[in-house]
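To keep things clear, I will list the structure first and then write my remarks on it.
Lettering of chains follows the sequences in order, A, B, ..., and the numbering in each one begins at 1.
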There are 2 protein chains.
Amino acid sequence: MTDSSEIDAIIKALAHPVRRQILAWLKEPEEWFAEQAHPLDYGVCAGMIDKRTGLSQSTTSAHLSTLQKAGLVETQRIGQWIYYKRNEANIQAFLEAIGESL
Amino acid sequence: MTDSSEIDAIIKALAHPVRRQILAWLKEPEEWFAEQAHPLDYGVCAGMIDKRTGLSQSTTSAHLSTLQKAGLVETQRIGQWIYYKRNEANIQAFLEAIGESL
DNA sequence: TATACATTTCGATAAAAAGCGATATAGATA
DNA sequence: TATCTATATCGCTTTTTATCGAAATGTATA
């Protein structure tokens, strides 16, 4: 982190309002995903996010995949669930990199 | 500057490598556009940028238009030329806004 | 006014991204 | 093993963005 091709992937990932919205929700999971049965420390499981976006399950899954490939979120599988949380280190590194390059 | 719809336009504008490249060139016009016959204080005229992108004149014009609509560059017409320069205030405002929202 | 030059706009095509339902995969549980 | 739940992947269609050449616009100049 964070070279030019990574910046490219990140900016493209951010260039969609739903993906930015997901990142914003994940900033305060207790506020947006309080109904999740599992501990929020793991992250938020994909199905919870589906519910909020209003998009289909497969479309939301694709958005999450884009965020993950860009390194903006990280995942952890526990049982049948996959938890998503922000990758704060990468987000911070990106902000610094774009602050310099822009 | 800089509300949510403006951020959206800016991020979309940045989500193309050629447009980021143009912004980078405009950071150091004397380095990249020294052959311009007119003073660089005005900015860099569109034709000079065309030459560098390797894309067609009309495509480059569309990229410049995207950057301008997003507020990342400003233009000034002098005679038959239209000069482009970075809008540093807006760029800075964007960096601060995204640093907070992200 | 006619012509030349710089740039934008138009019309069309191609490529990329978004979206959906259906299917596949993987783990949990009866 | 059979079935249920959660998520990812596939195949397809629609929408958006990128790209080009040609035409239009606007300015300068002979």
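Residues A/Thr66 and B/Ser61 both approach DNA chain C. Their nearest nucleotides, taken by heavy-atom distance, put B/Ser61 toward the 5′ side. Residue whose closest nucleotide on DNA chain C sits further toward the 5' end, between A/Arg77 and A/Ala62: A/Ala62.
To the nearest angstrom, C1' of C/dA17 lies 11 Å from NZ of B/Lys12. Between A/Leu14 atom CG and C/dA18 atom P the separation is 12 Å, expressed in whole Å. Distance A/Ile49 CD1 to D/dA6 P: 14 Å, rounded to the nearest Å. Residue B/Tyr83 contributes atom OH, which lies 14 Å from atom P of D/dT27 at whole-angstrom precision. Per the geometry, NZ belonging to B/Lys69 stands 7 Å off P belonging to C/dT9, to the nearest Å. Atoms CD (A/Gln76) and C1' (D/dT7) sit 15 Å apart, rounded to a whole Å. Straight-line distance from the CD atom of B/Gln36 to the C1' atom of C/dC5: 15 Å, rounded to whole Å. When rounded to the nearest whole Å, the span between CG of B/Asp50 and P of C/dC5 equals 16 Å.
B/Leu64 comes within 4.0 angstrom of nothing in the nucleic acid, heavy atoms only.
At a cut-off of 3.5 Å, with distance as the only test, no side-chain donor of A/Ser61 or A/Ser58 sits close to an acceptor on the other residue.
Taking 4.0 angstrom as the limit, A/His63 places none of its side-chain polar atoms (N or O) nearer than this to OP1 or OP2 of C/dA17. For C/dA6, neither phosphate oxygen OP1 nor OP2 lies less than 4.0 angstrom from any side-chain nitrogen or oxygen of B/Tyr84. A/Arg19 has a side-chain polar atom (N or O) that falls below the 4.0 Å cut-off from OP1 or OP2 of C/dA18. Taking side-chain N and O atoms only, A/His16 has a distance below 4.0 Å to OP1 or OP2 of C/dG19.
Using a cut-off of 4.0 Å between Lys/Arg side-chain N and Asp/Glu carboxylate O, A/Asp8 and B/Arg20 are scored as salt-bridged.
Nearest nucleotide to the side chain of B/Gln80, out of D/dT7, D/dA28, D/dA22: D/dA28. In this structure, the nucleotide among C/dT9, C/dC20, C/dA22 sitting nearest to the side chain of A/Thr59 is C/dC20. Between D/dA8, C/dG19, D/dT27, one nucleotide has an atom nearer to the side chain of A/Ile82 than all others, and that is D/dA8. Among the nucleotides C/dC20, D/dA8, D/dG26, the one closest to any side-chain atom of A/Gln57 is D/dA8. Here the nucleotide nearest the side chain of A/Trp81, chosen from C/dA17, D/dA6, D/dC10, is D/dA6.
Screening A/Leu55, A/Ile49, A/Thr53 for a side-chain contact (heavy atoms from CB on, under 4.5 Å) involving A/His63 leaves a single residue, A/Leu55.
Ring-plane geometry between A/Trp25 and A/Trp32 is classed as tilted, the angle between the planes lying from 30 to 60 degrees on a 0 to 90 degree scale.
Formation of a donor-acceptor pair under 3.5 Å by the B/Arg19 side chain with backbone atoms of B/Lys12 is found in this model. Here the side chain of B/Gln92 pairs no donor or acceptor atom with the backbone of B/Ala89 at under 3.5 angstrom.
In this model, no side-chain donor or acceptor of B/Ser56 finds a partner on the base of D/dG21 within 3.5 Å.
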